[in-house]
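Reading through the structure tokens given below for one structure.
For the numbers below, each heavy atom of this structure counts, side chains included, while hydrogens, waters and symmetry mates do not. Chain A is the first sequence line, chain B the second, and so forth, proteins listed ahead of strands; every chain is numbered from 1.
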Protein chains: 2
Amino acid sequence: MVVEPIRDRRAERREATKAEILDAAWELVRAEGLAALNLRDLAAKVGMRPPSLYSYFDSKHAIYDAMFLQGNLELLARYEALPVCDDPVGALRQGSRLFVQFGIEDPARAQLLFMRTIPGFEPSAETYDVAKRIVELGIERLTRAGIRPEYFDLWTGIVSGLVWQQIANDAGGDRWTKYVDDVVDMFLAHVNKHNKRGRSK
Amino acid sequence: MVVEPIRDRRAERREATKAEILDAAWELVRAEGLAALNLRDLAAKVGMRPPSLYSYFDSKHAIYDAMFLQGNLELLARYEALPVCDDPVGALRQGSRLFVQFGIEDPARAQLLFMRTIPGFEPSAETYDVAKRIVELGIERLTRAGIRPEYFDLWTGIVSGLVWQQIANDAGGDRWTKYVDDVVDMFLAHVNKHNKRGRSK
DNA sequence: CGTAGAGCCTAACGCCGTTAGGCAAACGGC
DNA sequence: GCCGTTTGCCTAACGGCGTTAGGCTCTACG
């Protein structure tokens, strides 16, 4: 094995510090809320002065953007780690549970990823692509379950609403799993009814 | 008719100015986003210096609170102005359409009223009561349609999700009316199925 | 007419994100 | 092994934010 160029060591160190900053940011955001993040506290948490953060991120929005990317990568990884499920309905249920679980377990992250509440923050094109891939995975599941495209928006709205409602009500426990299953059932029953009507025409 | 005491004239004037400030705040919030509201622009819009706003509101959060109250009163008024609908299902559909319409027509207002995205802002007890009354009106409609309490949360989650989804996707037109009707149908079908199963036990 | 207070002002404070500029340590070429 | 460059962090400061202190002016009222 070749010796690593020293240059890479530096880059590694740099990436490690970036990761440390992001970890601290997540911690602050979880504790105080998404919009309450501020660079002075963040810098203090990683043992720096505020302006030094600008060696690693161009702006506060760039930090949000990096967090946005991290969150989406995490979600994508979980989707891909899901055991294969041959039953299309089971797969839809599985994916929906994953999404709701992901949203509920970290409300601040859900707010960053799925709501647009920070004024002036738009995810960069690169990070947005990952978000798109996740949407595609969801669409794949919907399609396999026999749901037609005109219902996709309705479905995402319903599932997001579930997450939002659980977060807003500080709902504990795992009652949400029943909700998810209920919603999958009712949605499938509804679109199947319409599909049949459509076919019989 | 007795002459109005001058004292009341002053109070009237004061209330008028408060209303003017709130109107300007709504305008700014609609144009720039909820969190982008700032006292300097707001003061300029009503022809004052920023500190003068403190003669009318104790803080920026007090302004949000007054807006929160106004928004809820508006929604309540619309609910009460709804023509009476004897058909329980029709009434549920009617109420749901009203809610979604209300949310979509002013996303910033919906964000203020139904999401908790402003750090540190909690509606005061007084204003919160109005919000509760609205929830009760919704529950009344659900009950009349034969839906049991355990489904209330699920329903509010679904309807809020619809609003959120329409806002997030900048969806224009009135496609949402179809969505609302779809959702009402599927929800009723679902809970009726469960009701019957429950009864047959 | 004198006094109280309402309504608005200017000045300033502390916090925020951000920029400018400096200084020491680490690096890479000779 | 020395020297210029680069890196990583620093201090100082700017403009914008919400907010407070304090003063001026004009109106209402005894």
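Looking only at distances, no side-chain donor or acceptor of A:R97 sits under 3.5 Å from a matching main-chain atom of A:D181.
One can place CG of A:L42 at 9 Å from P of C:dG17, the figure rounded to the nearest angstrom. Rounded to an integer number of Å, the gap from NZ of B:K60 to P of D:dT20 is 14 Å. If you measure from atom CG of A:L39 to atom P of D:dC10, you get 14 Å, rounded to the nearest angstrom. Atom pair B:K18:NZ and C:dC8:P shows a separation of 14 Å (rounding to whole Å applied). In this structure, B:F57 atom CZ and C:dG7 atom C1' are separated by 15 Å, rounded to whole Å. Counting to the nearest Å, the P atom of D:dC10 and the CG atom of A:L53 are 9 Å from each other. We find that CZ of B:R13 is positioned 12 Å from P of D:dA28, with the value rounded to whole Å. We find that CE of A:M48 is positioned 16 Å from P of C:dT18, with the value rounded to whole Å.
Comparing B:G47 and A:S59 against DNA chain C, the residue whose closest nucleotide sits nearer the 5' end is B:G47. Between B:H61 and A:R49, the one whose closest nucleotide on DNA chain D sits nearer the 5' end is A:R49.
Applying the 4.0 Å criterion to OP1 and OP2 of C:dC9, one finds that B:S52 has a side-chain N or O inside that range. For the pair B:S55 and C:dC8, the criterion of a side-chain N or O lying under 4.0 Å from OP1 or OP2 is not met. Contact check, B:R14 against C:dG7: a side-chain N or O comes under 4.0 Å of OP1 or OP2. For the pair A:Y56 and D:dC9, the criterion of a side-chain N or O lying under 4.0 Å from OP1 or OP2 is met.
Comparing C:dA20, C:dA11, C:dG17 by their closest approach to the side chain of A:P51 singles out C:dA20.
Note on ring orientation: taking the six-membered ring where Trp is involved, the planes of B:F102 and B:F114 are perpendicular (angle over 60°, cut-offs 30° and 60°). Using the six-membered ring where Trp is involved, B:F121 and B:Y64 have ring planes that are tilted, between 30° and 60° apart.
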Between A:R78 and A:E74, does a salt bridge (charged side-chain N to carboxylate O under 4.0 Å, His left out) hold up when you go through it step by step?
CA-CA 6 Å; A:R78 289 208 209 169; A:E74 164 73 17; 2.7 Å; yes
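No side-chain heavy atom of A:E27 sits less than 4.5 Å from a side-chain heavy atom of A:D23.
For C:dG17, the base has a donor-acceptor partner in the side chain of A:R40 [N/O atoms by modelled type, under 3.5 angstrom].
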